Amino acid sequence: IVGPFEPQSRPMALPCGHRANGHNTDCPRLITTALARKAWRRAPTPAELDRLSAMFQGTKIEHGTELVLQALLSSADFLFRFERNFSDYE
C-alpha cells in the first residue's frame, strides 16, 4: 500500500509496530501469537509458536506475516472446531 496514510489493519497485523529500520527479535513471536489466537480461538502452544515463528527467518516481516497467515488459515485448527476434553461428554 502506497500513500501518506497508515492502513487501519497494520496495528492489528503488526502488534509490535512497523519501523523502517527493522524490528526487534520478539516481533515475529508477538505477531504469531496475536494471529494464532484470533484464527484458532485458543492460545497456541509454545511448540506451535516456535514452528510458526520460524517462518520469519530469512524474510522481511511482511512476508513472514503472510506465510504465517497462510499456515494458520489452512490449518485444521482454523477450519474445524475441535473439542479438546471428551470426558465432559461421558
Side-chain angles (χ1 to χ4, degrees):
I1 297 174
V2 178
F5 54 88
E6 180 73 15
Q8 291 180 349
S9 62
R10 184 168 280 171
M12 184 174 67
L14 297 172
C16 54
H18 185 69
R19 293 186 300 238
N21 61 348
H23 298 275
N24 63 28
T25 56
D26 295 336
C27 194
R29 196 165 186 93
L30 290 172
I31 292 170
T32 302
T33 302
L35 293 175
R37 280 182 178 272
K38 290 177 191 293
W40 291 345
R41 297 169 301 277
R42 64 171 177 83
T45 65
E48 290 169 333
L49 287 175
D50 291 341
R51 182 178 52 84
L52 291 168
S53 296
M55 294 181 183
F56 283 91
Q57 291 180 349
T59 67
K60 291 186 174 185
I61 201 81
E62 292 84 1
H63 184 65
T65 302
E66 182 181 327
L67 293 173
V68 168
L69 275 172
Q70 287 176 2
L72 289 170
L73 298 180
S74 63
S75 71
D77 286 302
F78 176 75
L79 297 172
F80 305 103
R81 179 88 174 161
F82 292 107
E83 297 294 335
R84 301 280 180 199
N85 190 356
F86 293 109
S87 64
D88 293 341
Y89 300 103
E90 294 177 0

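This is a predicted model, so every value here is computed, not measured. These numbers come from the heavy atoms of this one structure, side chains and all, not from hydrogens, waters or symmetry mates.
One N or O on the side chain of Arg41 and one on the backbone of Ala39 form a donor-acceptor pair closer than 3.5 Å.
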With side-chain contact (heavy atoms from CB on, under 4.5 Å) as the test, would you mind laying out the steps for Leu73 and Phe78 before giving the verdict? CA-CA 6 Å; Leu73 298 180; Phe78 176 75; 3.6 Å; yes
Check the pair Cys27, Phe56 against side-chain contact (heavy atoms from CB on, under 4.5 Å), reporting the backbone distance first and the verdict last. CA-CA 10 Å; Cys27 194; Phe56 283 91; over 6 Å; no
Check the pair Asp77, Arg42 against side-chain contact (heavy atoms from CB on, under 4.5 Å), reporting the backbone distance first and the verdict last. CA-CA 9 Å; Asp77 286 302; Arg42 64 171 177 83; 3.2 Å; yes
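Considering every non-hydrogen atom in both Arg29 and Pro46, the closest pair reads NH2-O, 3.7 Å. Nearest approach of Leu79 to Ser74, heavy atoms of both residues: CD1-O, 4.0 Å. The nearest pair of heavy atoms linking Ser53 to Pro28 is OG-O, 4.0 Å.
Here the options are Val68, Asp26, Leu69, Thr65, the test is side chain to side chain contact (heavy atoms under 4.5 Å, CB included), and the partner is Ile31; only Thr65 passes.
For the atom pair CG of Leu67 and CD of Gln57, the computed distance is 12.0 Å after rounding to the nearest 0.5 Å. Interatomic distance, Leu72 CG to Thr32 OG1, rounded to the nearest 0.5 Å: 7.5 Å.
No single ILVMFWY cluster, assembled from side-chain heavy atoms under 4.5 Å apart, contains both Ile61 and Leu49.
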